[in-house]
Amino acid sequence: MVFDRYEEAYQAVVEYMRFYNERRIHSSILDLPLHEFYKKAQTEALIIKEIRV
């Protein structure tokens, strides 16, 4: 992406962070978005998949 102003770049990063944390599912944490996994983990004992690299 090419931005004309710092504010445009900043807004693009903020939007991506919101997507990554609130909407994008993560297969290693029960196919949930990060914020849903965090809320669920506060009230339940969750078992997540082990990932080996």
Side-chain angles (χ1 to χ4, degrees):
M1 295 181 151
V2 176
F3 302 100
D4 293 327
R5 298 185 342 246
Y6 172 81
E7 292 81 11
E8 294 172 357
Y10 184 87
Q11 187 59 39
V13 170
V14 168
E15 288 173 16
Y16 182 76
M17 289 172 59
R18 186 170 293 126
F19 164 76
Y20 188 86
N21 291 316
E22 297 177 7
R23 294 195 344 246
R24 181 180 177 269
I25 62 170
H26 298 261
S27 61
S28 63
I29 55 171
L30 309 176
D31 293 324
L32 295 170
L34 291 174
H35 84 286
E36 285 183 35
F37 178 80
Y38 178 77
K39 287 193 307 188
K40 203 171 197 178
Q42 300 301 307
T43 59
E44 302 175 35
L46 301 175
I47 300 171
I48 61 173
K49 301 174 194 173
E50 182 178 331
I51 304 291
R52 293 182 185 215
V53 180

Starting at CD1 of I29, measure out to CD of E36 and round the result to the nearest 0.5 Å. 9.5 Å

More than 12 heavy atoms of other residues, nucleotides or ligands under 6.0 Å from CZ of F19: yes or no? yes

Give every residue pair that meets the salt bridge (charged side-chain N to carboxylate O under 4.0 Å, His left out) criterion with at least one member in residues 3-13, sequence neighbours excluded. R5-E7, R5-E8

Can you list every side-chain hydrogen bond (donor to acceptor under 3.5 Å, both in side chains) pair that touches residues 12-27, not counting sequence neighbours? Q11-E15, R24-H26

Any pair counted as ring pair (Phe, Tyr, Trp, His ring centres under 6.0 Å), so long as it reaches residues 31-53, sequence neighbours left out: none

Under 4.5 Å between side-chain heavy atoms, hopping through other hydrophobics if needed: is there a path connecting I25 to L46? no

